[in-house]
Amino acid sequence: MDFAKQVELARFPAGVMVTVRQTPEGRIFQAVQSGRGLELMVTTDAVKMYGEGPTLLLALERLKKAAEAGLPTVGENGNYQRAVFVGD
């Protein structure tokens with residue numbers, strides 16, 4: 001799936017930047033806007049369980065809802081609040 005195209009189709013609020021990065025534990029999706037942001041980690045087991053496409057759509061849906069409600073402020077140490085989805 002084309003990540004950038006899926007982010008575009010999700011229609012996030014203006015100014016929200018969405019990225020994804022792979023880690024040994026899974027994928028970290030991040031939504032950031034003006035000193036605010038949220039990370040959503042989807043574990044490798046969860047990606048295997050849900051599949052590539054559904055994982056991406058789930059992550060974007062959750063981040064969009066958070067962005068529409070107002071992203072949390074980035075911590076003083078520069079860390080973002082993080083939610084985690086694990087596989088069963």
Around atom CZ of Arg11, are there more than 12 heavy atoms from other residues, nucleotides or ligands closer than 6.0 Å?
no
Point-to-point distance, once rounded to the nearest 0.5 Å, from CD1 of Ile28 to OG1 of Thr23
4.5 Å
d(Thr19 OG1, Leu63 CG) to nearest 0.5 Å is 9.0 Å
Indicate the atoms forming the closest heavy-atom contact of Gln33 with Gly15, along with that distance.
CG-O, 3.8 Å
Just how far is it from atom CG of Leu58 to atom CZ of Phe29, taken to the nearest 0.5 Å?
8.5 Å
Contact summary for Ala31 and Val16, nearest pair of heavy atoms:
CB-CG1, 4.0 Å
From CA spacing to verdict: side-chain contact (heavy atoms from CB on, under 4.5 Å), Val32, Leu71
CA-CA 8 Å; Val32 178; Leu71 294 168; 5.9 Å; no
I'd like to know if Lys64 and Glu61 make a salt bridge, using a cut-off of under 4.0 Å between side-chain N and carboxylate O.
no
All heavy atoms of Gly26 vs all of Met41, minimum pair found to be N-CE, 3.8 Å
Which atoms form the tightest heavy-atom contact between Thr55 and Val47, and what is the distance?
OG1-CA, 3.6 Å
Looking only at heavy atoms, what is the nearest atom pair of Phe12 and Ala67, with distance?
CD2-CB, 4.3 Å
Show your reasoning for whether salt bridge (Lys or Arg N to Asp or Glu O under 4.0 Å) applies to Lys5 and Glu8.
CA-CA 5 Å; Lys5 183 65 173 174; Glu8 180 184 330; 3.8 Å; yes
Using 0.5 Å steps for rounding, measure from the CZ atom of Arg21 to the CD atom of Gln30.
6.0 Å
In short, Leu38 meets Arg82 closest at the heavy-atom pair CD1-N, 4.5 Å
Are Glu52 and Arg27 within salt-bridge range, i.e. N to O under 4.0 Å?
yes
Would you give the length of the straight line joining atom CZ of Arg36 to atom OG1 of Thr73, rounded to the nearest 0.5 angstrom?
3.5 Å
Glu25 meets the salt bridge (charged side-chain N to carboxylate O under 4.0 Å, His left out) criterion, sequence neighbours left out, with none
In sequence, state the C-alpha distance, the side-chain angles, and the governing distance for Asn79 and Val74, and then conclude on side-chain contact (heavy atoms from CB on, under 4.5 Å).
CA-CA 6 Å; Asn79 290 338; Val74 176; over 6 Å; no
If you measure from OG1 on Thr43 to OH on Tyr50, what distance do you get to the nearest 0.5 Å?
8.5 Å
